[in-house]
Amino acid sequence: MAEKSGRTGGTLSGGQVFSYSLGDVANNLTFMMTSMFLMVYMTDIAGLSAGVAGTIYGVTKIWAGAADLIAGQVVDRTNTRWGRLRPWLLFGSTPLAIVFVLLFSVPAGLSPALTIAWIFLLDAAFQLAYSFVNIPYGSLAAAMTQDSVDRSKLSGARSITNSLTAVALSAVVAPQFQDTTSDGVRLQFTLTTVALGLVAVVLYLICFRNTKEVVPRSATKISLRRTLTMLRQNRPLIVLCLGAFFLLAAMFMMNAVAMYYARYVLGNAAWYIFLTIAQTVGTVLIASLVAGITSRFGKRNGYIGAAMVTILAFVLIYLVPEGSLPLAIVAWFLFGLGTGGTNALMFSMQADTVDFGEWKTGLRSEGGSYSILSFIRKCGQGVGGWAGAALIGAYGYVAQADVQDATAQEGIRLATGLVPAAIAVAATVVMIWYNLSVDQHKELVRDLNARRSVGAVSSNYGVDASRVRVDGLGDARDLLLRPRDRGTLPVVTIFEREGAGASDIGPAVAKKLGVKYVPQKFSSDQVADADAQLLTSDSAFDRWLRTVSYTGTQDADMARAIETAEDHSVAERNRLELLKFAEDGAVIAGRNGAVVLGRAVGALHVRLTAPLPMRIQRVMSKTELDERGAEARIDFEDSVRAEMSRNLYQWDPHTDESYDLVINTGTVTYAQVVDMIVGFYRSKYPEAGANPPSNA
């Protein structure tokens with residue numbers, strides 16, 4: 001089918017998606033352990049002051065941003081018999097686990113200076129080791145498949161397991177902080193991290209074994225010079241990065257000291273699990289609503305709204321009475337709603353800024369753009385964690401104490417509530433200057449598609465771009481598919497709702513116009529014959545899974561960059577194929593022809609539809625499917641085609657305004673439809689198909 005032109009071997013199995021998601025469980029057994037519990041481990045078990053612990057946390061988080069860039073460069077040069085990404089899961093997981101265990105195994109009796117050195121050096125080593133596993137893992141989704149729907153499933157599964165891992169980890173680790181002065185507490189943490197490390201290694205190996213790299217290495221490279229050139233003129237990206245810095249600072253300020261809140265304000269460290277569950281429920285819930293919020297309010301307004309929910313959550317956290325678990329659960333639920341929404345919209349807006357950068361400067365830099373955002377986010381995480389620890393230290397927090405006085409408790413409340421709220425306000429205000437609306441993005445994407453088609457035709461003929469453009473005609477067509485001296489040949493694109501008759505109508509139109517017929521890349525029959533699973537795989541769960549991509553994850557910047565670059569690469573290959581087909585005239589089914597050839601001189605764009613009951617009957621007559629199976633096939637075909645068009649071209653193929661003709665094939669015969677299309681084409685382009693000028 002047209003929009004599945006990037007498929008390599010059909011959809012991924014549920015087992016492959018699940019195995020990939022286990023890699024993220026492995027990632028977060030270590031990453032979340034350090035993000036949620038390292039601060040309190042440093043103060044209440046290793047005995048460091050809050051200020052020193054916060055400084056270590058802040059510096060190593062910023063170092064993590066640099067480590068990601070280092071790992072990205074090294075991984076990109078890897079080439080082994082197992083691929084270029086999977087070997088890092090195989091060989092990098094054990095060193096990561098070892099460093100992780102040592103980080104939480106500070107020997108008793110070390111001097112303060114040696115304790116600081118032990119934790120600082122091992123945390124820095126951990127961040128580097130983690131980057132060398134996480135960067136290839138995040139990139140693996142794009143190497144497993146070029147199908148953007150499949151990649152959305154992989155990302156959605158990653159988001160869900162991310163959230164569930166946080167809950168499980170909280171249940172195991174949080175109760176251990178209730179009494180941090182008991183005998184053997186250091187050994188207890190060593191044994192806990194040994195167990196977590198072993199589980200992580202096993203899960204990495206399962207992920208390695210059950211995944212496969214089938215997509216060739218992308219040609220996209222991160223160029224600092226190219227990135228900075230684009231950044232200077234990309235106001236939306238600059239604003240988004242600034243907003244991300246403040247938002248992540250607020251989130252990680254609270255996150256770094258949340259364990260102290262559970263222990264000393266609520267009165268029970270084990271209650272941290274309930275807070276984590278509430279946050280997870282909020283995060284997953286908002287994931288299902290983000291698409292609707294975006295379409296109704298726009299991305300910027302949706303982001304600001306979600307940020308305001310986050311601010312409300314912070315204020316409520318500050319106001320929760322001592323020991324009031326139910327109200328704290330409500331506050332953390334709101335926190336999950338707000339941060340889940342802002343995180344999802346942040347990644348979506350980031351993709352838009354890549355398009356804006358290309359539109360403004362002519363330079364497209366997915367990797368560079370996302371690397372900037374990733375580094376800024378890590379800086380925000382580090383500054384936030386440092387500020388949280390510094391604040392509770394300034395208010396007299398006493399490490400390893402059973403209780404904290406009123407002043408210290410106020411410091412904890414401020415660090416988890418009012419101060420993050422103030423920082424989140426700054427993040428919200430900054431986003432007011434984000435000036436790329438949904439309508440503006442749609443318009444610039446249309447312009448980019450036109451520019452890319454002009455550039456492709458120009459390169460094909462080796463002439464200046466101005467020579468393949470004409471003044472816009474009344475129908476807004478201004479792209480010449482052939483040199484002027486070769487005349488104009490008929491080009492018709494046809495998009496259908498499954499069962500509307502395109503496979504019968506298209507060839508007949510081509511025959512009457514005297515041009516070739518180009519069928520869909522994969523016809524519905526080919527898809528069904530090749531893999532019957534396609535008729536059932538797009539379940540309600542799968543559709544929901546695709547909606548939660550990147551919502552629960554805090555560490556998926558480069559993965560999103562690579563997937564965006566791969567979508568762009570697939571779209572551009574399809575563009576070149578279409579322009580080649582159209583050069584000598586053609587009737588083209590699917591392949592997003594209406595958007596790629598939207599401004600081509602001599603092109604007519606047609607959409608076919610019919611009432612659902614009639615389409616079901618037509619599919620049943622051509623297949624051995626019963627009524628229920630035919631309807632499932634239609635639903636799958638229509639939804640996935642539209643989804644992939646949105647992913648590849650930011651275009652909805654079911655928008656009538658994209659077509660010259662929209663025909664209901666349920667009220668006329670196929671022969672009449674053919675006559676309509678051919679007659680309308682000849683009346684619209686009477687010169688098309690004429691003999692070229694004598695001097696051709």
Side-chain angles (χ1 to χ4, degrees), residues 21 24 27-28 31-32 35-36 152-153 155-170 240 243-244 246-255 258 272-317 328-351 373 377 380-381 384 416 420-421 423-424 427-428 431 543-557 559-560:
S21 71
D24 202 60
N27 269 350
N28 284 296
F31 177 77
M32 285 187 174
S35 295
M36 295 192 298
S152 293
K153 288 182 182 179
S155 301
R158 176 179 182 177
S159 295
I160 294 301
T161 54
N162 181 290
S163 299
L164 295 178
T165 303
V167 173
L169 198 59
S170 298
L240 186 63
F246 285 120
L247 187 69
L248 269 293
M251 290 168 58
F252 271 73
M253 184 175 190
M254 190 276 268
N255 190 63
Y272 188 72
I273 174 62
F274 299 112
L275 305 182
T276 305
I277 291 174
Q279 180 181 343
T280 299
V281 171
T283 298
V284 173
L285 176 61
I286 195 65
S288 304
L289 304 176
V290 164
I293 292 171
T294 299
S295 62
R296 183 169 182 179
F297 301 106
K299 294 179 182 179
R300 184 192 69 170
N301 292 339
Y303 181 101
I304 291 175
M308 291 177 69
V309 173
T310 305
I311 294 167
L312 176 62
F314 283 138
V315 173
L316 188 58
I317 288 170
I329 288 175
V330 172
W332 253 263
F333 171 75
L334 292 175
F335 179 73
L337 282 177
T339 57
T342 53
N343 201 56
L345 287 164
M346 184 185 302
F347 283 125
S348 181
M349 294 162 80
Q350 172 67 17
L373 180 63
R377 283 167 60 96
Q381 293 173 13
T416 52
I423 299 173
T428 307
M431 291 305 297
R543 288 194 292 271
W544 174 77
L545 189 64
R546 297 199 297 270
T547 68
V548 300
S549 301
Y550 304 107
T551 304
T553 53
Q554 298 292 343
D555 202 34
D557 311 77
R560 181 61 184 258

Minimum heavy-atom distance Ala250-Pro420, with the two atoms named: CB-O, 3.4 Å

Nearest heavy atoms of Ala244 and Leu373, plus distance in Å: CB-CD1, 3.8 Å

Closest approach of Leu275 to Ile329 (non-hydrogen atoms, all atoms of both residues): CD2-N, 4.2 Å

Straight-line distance of Leu164 CG to Ile277 CD1, nearest 0.5 Å: 10.5 Å

Spacing of Leu285 atom CG and Thr280 atom OG1 [to the nearest 0.5 Å]: 12.0 Å

Ser170/Thr276 under side-chain hydrogen bond (donor to acceptor under 3.5 Å, both in side chains): CA gap, chis, key distance, verdict: CA-CA 7 Å; Ser170 298; Thr276 305; 2.9 Å; yes

Heavy-atom closest contact (Ala427 atom, Gly243 atom, distance): CB-O, 3.6 Å

Any Phe246 side-chain heavy atom under 4.5 Å of Met431 side chain: no

Partner set under ring-ring contact (aromatic ring centres under 6.0 Å, His included) for Phe314, not counting sequence neighbours: Phe335

Heavy-atom closest contact (Ala307 atom, Thr428 atom, distance): CB-OG1, 3.3 Å

Interatomic distance, Phe333 atom CZ to Ile286 atom CD1 [nearest 0.5 angstrom]: 8.5 Å

Side-chain heavy atoms of Leu337 within contact of Gln279, under 4.5 Å: no

Close side-chain approach of Arg377 and Asn343, heavy atoms under 4.5 Å: yes

Heavy-atom side-chain contact between Met346 and Leu248 under 4.5 Å: yes

Nearest heavy atoms of Tyr303 and Leu345, plus distance in Å: N-CD1, 3.3 Å

Whether Asn28 side chain and Asp24 backbone form a donor-acceptor pair below 3.5 Å: yes

Pairwise distance CG(Leu169) to CE(Met32) - rounded to 0.5 angstrom: 8.0 Å

Gap separating the CE atom of Met254 from the OG1 atom of Thr310, nearest 0.5 angstrom: 9.0 Å

